[in-house]
Amino acid sequence: MPYTTHEIHKIEEKWQKIWQEKQVFKAPADPARKKYYVLEMFPYPSGKIHMGHVRNYTIADVIARVKMMQGYNVLHPMGYDAFGQPAENAAIKNKTDPAKWTYGCIDQMRAELKRMGFSYDWDRELATCDPQYYRWNQWIFLKMYERGLAYKKASPVNWCESCQTTLANEEVVNDACWRCKTPVVQKNLEQWYLKITHYAEPLLEDLKKLANWPSRVVAMQENWIGKSHGVNIFFTWKKTGERSERITVFTTRADTIFGATYVVLAPEHPLVEKLIAGTPDEKKIRAFIEKVAGESKSLRLTGDKKKEGIFTGQYAVNPVNGEEIPIWIADYVLMEYGTGAIMAVPTHDQRDFLFAKEHKLPMRIVIQDPANPAAKVSDLKAAYEGQGTLVNSKQFDGIDNEAAKKNIAEWMMQNKMGEVTVHWRLRDWLISRQRYWGTPIPIIYCKKCREEGRKWTLPVPEDKLPVELPKKIEITGRGGSPLTRSSEFLYAKCPQCGYDHATREFDTMATFIDSSWYFLRFCSPRNDKDVFDKKEAAYWMPVDQYIGGIEHAILHLLYSRFFTKFLKDLGLVNFDEPFVRLLTQGMVLKDGEVMSKSRGNTVDPDAIIERYGADSLRLAILFAAPPEDQLEWSDAGVDAAWKFLNRVWHLAQQRFVPGTREPSAENFDQQDKDLERERNAAIKKVTEDISQGYKFNTAVSSLMIFMNAVDKYAVPAGGGVKQALLNRAVRTVVLLLAPFTPHLCEELWEKVGGGEQSVVRAAWPACDEAALKQDSVQVVVQINGKLRGKFQVAADSSEEDVRKIALADAKIREFLAGKPVKRFVYVAGKVANIVL
RNA sequence: GGGCGGAUGGCGGAAUUGGUAGACGCGCAUGCCUUAGGAGCAUGUGGGGAAACUCAUAGAGGUUCAAGUCCUCUUCCGCCCACCA
């Protein structure tokens with residue numbers, strides 16, 4: 001029977017049907033069994049799956065299937081991250097309902113995933129746009145609100161005047177609206193935040209527990225959280241006739257405090273108003289501040305832009321020496337970080353140096369560069385930011401600057417000139433979106449309560465959840481939050497006073513909320529009583545292996561960690577970290593560039609399946625590169641995979657003879673022993689490659705090596721022991737290959753396995769170490785490190801034996817040319833080096 | 001500017017963690033076979049050389065009996081962060 005495209009499709013459909021009907025991948029919690037939770041980052045349902053998905057899910061599927069064969073109770077679920085802008089954009093374009101469009105995409109996507117033969121427990125499928133899912137987003141939000149971890153404050157958003165709407169950062173192209181090209185401005189809106197900073201310390205600390213995460217992901221999170229130790233220094237400022245004000249400046253370089261020659265405030269700094277009111281330059285300064293405020297963030301934060309600033313005419317007193325130094329306002333100081341005010345030390349900070357040069361501000365060297373001890377301010381071409389000894393710093397002169405950081409901080413503490421402090425780069429999480437296709441924020445504002453002096457921002461009572469999205473709202477992409485256009489949605493009864501014209505919050509939640517806890521929901525996806533079943537979660541969680549793209553290294557993974565910590569504080573889970581192991585798969589490239597729709601260089605997985613079948617596609621992707629590396633797509637690779645599967649198919653179809661007895665080792669000849677050694681070597685290598693670092697590419701290659709050996713192994717007519725050995729070899733090939741190409745292997749296992757059960761229920765083969773032993777080994781002989789000969793020696797040869805054999809060899813003697821052997825280095829069973 | 005990875009044949013990639021560089025596969029070459037197929041099989045395939053040999057893992061040094069692997073410097077590429085005080 002030929003292994004044709006037609007045959008492949010028939011086989012693949014057959015087994016997909018059987019898996020479904022027999023519920024092969026259904027995974028009920030079973031405390032008697034060891035569990036393993038494999039999860040891939042669920043997709044946004046855009047309709048078609050792309051090669052990135054195929055790679056991600058194929059990697060996960062191999063892991064899941066191997067664990068099944070190794071006897072674990074494996075949870076391997078799939079769902080859809082279904083809220084988000086593309087659905088709204090599609091709705092605008094096609095005049096359809098985002099829900100309809102999304103569910104249509106999900107249907108298409110599910111069909112494609114099934115065609116790939118992934119081992120999902122489809123009964124657990126979920127979509128985040130389902131009210132039975134997002135009601136729990138609302139529930140979690142309310143729990144956070146109760147504990148003061150969800151709060152509202154005004155903050156700037158990107159705003160398009162022409163569309164009358166906010167824009168996500170990704171929708172701002174060259175500082176203009178992506179749709180109408182109107183320049184984007186910053187506008188202050190009241191918005192909801194989640195207080196992730198409450199968990200800054202544990203989020204940083206617990207990174208240490210993530211030993212099985214890629215170190216670069218840990219490093220990125222560390223940077224993002226950004227803990228920095230420093231000192232808040234209290235400068236003072238006094239306007240004639242008024243009492244003095246404090247200007248708190250944050251610095252990590254307290255050692256340079258005696259070199260501070262001016263102070264800079266962010267334009268938004270609260271003290272600015274007082275500083276400039278009634279001064280001669282007030283108008284000019286205000287104009288400058290307005291100009292900076294009008295600039296979009298992306299423009300202002302461009303590193304190479306020239307730093308601009310203006311002198312306030314005021315002076316601040318440096319607490320360590322009483323010196324009066326000018327106060328400036330400049331765009332390079334950010335209100336969001338530190339205290340929004342800095343002390344400038346132009347000699348030892350490059351940004352300050354450039355600014356001081358530009359505006360002719362004074363400089364003073366306070367750290368001596370050991371390479372240039374006589375340097376004068378006038379010689380400086382750049383700030384010296386390295387290590388050195390303090391000068392011009394009074395009692396601290398002569399001290400190493402690293403020690404001085406500590407000494408000066410302590411001295412300032414004692415004299416109340418400053419305080420040791422910690423600053424975090426991590427900001428609270430802005431979750432309000434002026435969008436339709438997201439989770440409504442379950443808050444009601446009551447005008448009546450407000451007028452009557454009561455609390456008027458009120459949480460929706462838990463038993464009134466979910467707050468459902470209204471249907472039939474026209475999405476236009478213009479004019480603010482779409483939910484304001486549904487009066488049915490907007491007006492609600494006040495849960496406090498019963499007033500029936502209270503208004504709902506009309507913003508929706510950021511979609512990252514949805515993905516911050518879905519891994520918990522998978523443990524009990526149909527539970528309608530709780531956010532998730534505590535017992536089920538206790539059994540399945542944490543996720544043993546999480547797999548996804550590096551692009552989620554920061555936000556999604558950080559938010560998930562944050563939610564997990566919060567849910568632990570609620571007493572719902574008993575672990576700190578949701579993902580034990582993380583694998584970040586590399587991108588799929590075509591001709592050296594990332595495959596993407598916008599580049600137009602995509603390869604459609606469906607077309608490959610159509611021609612070669614899912615198994616060939618899976619094998620090609622796994623064989624082409626290690627999972628973490630980039631993968632250069634090649635059609636030839638699929639062809640090669642297809643050829644290899646053909647060989648396996650023909651081997652099982654043509655050379656396997658059913659009904660032979662198990663062979664016994666005493667009648668093995670050398671060929672038999674060699675085959676058994678190859679078989680066990682393959683078992684060992686494939687098992688190790690899969691479990692230690694997921695090296696699927698080399699696992700496949702060792703299977704190919706074994707196949708080559710099996711092909712060469714001759715079975716005489718009549719078979720006997722040799723036929724039995726061959727049969728065993730065929731079974732091993734099928735079992736080892738099964739996680740990679742499941743359809744083909746199920747089909748072959750039905751023939752060679754002799755059972756009714758799916759191959760995922762068959763035991764993963766065990767390696768017989770004794771069969772790996774060889775009677776003789778090859779030893780390489782080098783002279784002065786150069787390869788000069790290879791010898792087959794008995795496996796138990798001693799160093800002395802090898803030395804004798806080597807030195808007796810005619811060719812070796814020729815190279816020695818009678819010179820005395822200075823040293824003889826021997827690495828057992830591998831290499832000998834003769835040093836002359 | 002900071003952080004983290006990389007650089008090995010015509011190509012994708014191996015290399016037991018310091019011990020035969022180029023496994024496995026693609027491609028290519030020659031041959032065989034045939035129910036001319038998306039074939040299949042056999043042999044070969046880093047460079048130079050007729051060979052003995054020799055050169056070769058981005059480049060330059062170093063450590064070592066032995067370096068793709070460890071150390072120092074340089075070049076190039078990728079990713080992430082970035083006026084973070």
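Using a 4.0 Å heavy-atom cutoff across all strands shown, A/T251 reaches sugar-phosphate atoms only and no base atom. At the heavy-atom level, A/K643 lies under 4.0 Å from the strands shown only through sugar-phosphate atoms. Residue A/F824 is out of contact with every strand shown, counting any heavy-atom pair closer than 4.0 Å. Using a 4.0 Å heavy-atom cutoff across all strands shown, A/K712 reaches no nucleic acid atom at all. Contacts of A/Q782 with the nucleic acid, taken as non-hydrogen atoms under 4.0 Å apart, include base atoms. Counting non-hydrogen atoms under 4.0 angstrom, A/Q778 reaches a base of the nucleic acid. At the heavy-atom level, A/D639 lies under 4.0 Å from base atoms of the strands shown. Residue A/I705 is classed as a sugar-phosphate contact, given heavy-atom separations below 4.0 Å to backbone atoms only. Across all strands, A/V835 comes closer than 4.0 Å only to sugar-phosphate atoms, never to a base (heavy-atom distances).
Across B/rA67 and B/rG78, the matching C1' atoms stand 26 Å from one another, rounded to whole Å. When the P atom is used for both B/rC55 and B/rA21, the distance is 12 Å, rounded to whole Å.
Picking from B/rA15, B/rC80, B/rA85 the nucleotide with the shortest atom distance to the side chain of A/M220 gives B/rC80. Closest to the A/S701 side chain, of the nucleotides B/rC83, B/rC24, B/rC84, is B/rC24. Nearest to the side chain of A/V825, among B/rC26, B/rG19, B/rA14, sits B/rG19. The listed nucleotides are B/rG13, B/rG19, B/rA85; the one nearest the side chain of A/P626 is B/rG13. In the set B/rU16, B/rC83, B/rU54, the nucleotide with an atom closest to the side chain of A/K830 is B/rU16. Distance from the side chain of A/F815 is smallest to B/rC53 among B/rC53, B/rA15, B/rA85. Nearest to the side chain of A/R647, among B/rG13, B/rC41, B/rC84, sits B/rC41. For A/N833, the side-chain atoms get nearest to B/rG19 when compared with the rest of B/rG19, B/rG13, B/rA85. Distances from the side chain of A/A640 to the nucleotides B/rG3, B/rA85, B/rG25 place B/rG25 closest. Distances from the side chain of A/N697 to the nucleotides B/rG19, B/rA14, B/rA23 place B/rA14 closest.
Rounded to whole angstrom, the span from the CG atom of A/N784 across to the P atom of B/rU64 amounts to 15 Å. Atoms CZ (A/R655) and P (B/rC41) sit 12 Å apart, rounded to a whole Å. Nucleotide B/rC65 holds its C1' atom 13 Å from the CZ atom of A/R803, rounded to whole Å. Going from atom CZ of A/F353 over to atom C1' of B/rG1 covers 16 Å, rounded to whole Å. Atom CD1 in A/I783 sits about 14 Å away from atom P in B/rA66, given to the nearest Å. Between the CG atom of A/N646 and the C1' atom of B/rC41 there is a distance of 14 Å, rounded to whole Å.
For A/A341 against A/T248, the heavy-atom pair with the smallest separation is CB-O, 3.6 Å.
For A/R803 and A/F824, the positive end sits near the middle of the six-membered ring, less than 6.0 Å away and at most 45° from its axis.
Side-chain N/O atoms of A/R425 include none lying less than 4.0 angstrom from OP1 or OP2 on B/rC83. Of the side-chain N and O atoms in A/R823, one or more sit less than 4.0 angstrom from OP1 or OP2 of B/rC65. Contact annotation: A/K786 side-chain N/O to B/rA21 OP1/OP2 distance is not under 4.0 Å.
For A/Y332 and A/D352, the side-chain atoms include at least one donor-acceptor pair closer than 3.5 Å.
Using a 90° window around 0 for the glycosidic torsion, B/rG9 falls inside it and is classed as syn. Here B/rU75 is in the anti range [glycosidic angle more than 90° from 0].
Crowding of A/E814 atom CD: a count of heavy atoms from other residues, nucleotides or ligands under 6.0 Å not exceeding 12. Other residues, nucleotides and ligands contribute at most 12 non-hydrogen atoms within 6.0 Å of the CZ atom of A/R813.
Partner A/H359 forms a ring pair (Phe, Tyr, Trp, His ring centres under 6.0 Å) with one of A/F311, A/F353, A/Y262, A/W328 and no other, that one being A/W328.
For the pair A/S393 (side chain) and A/F258 (backbone), a donor-acceptor distance under 3.5 Å is absent.
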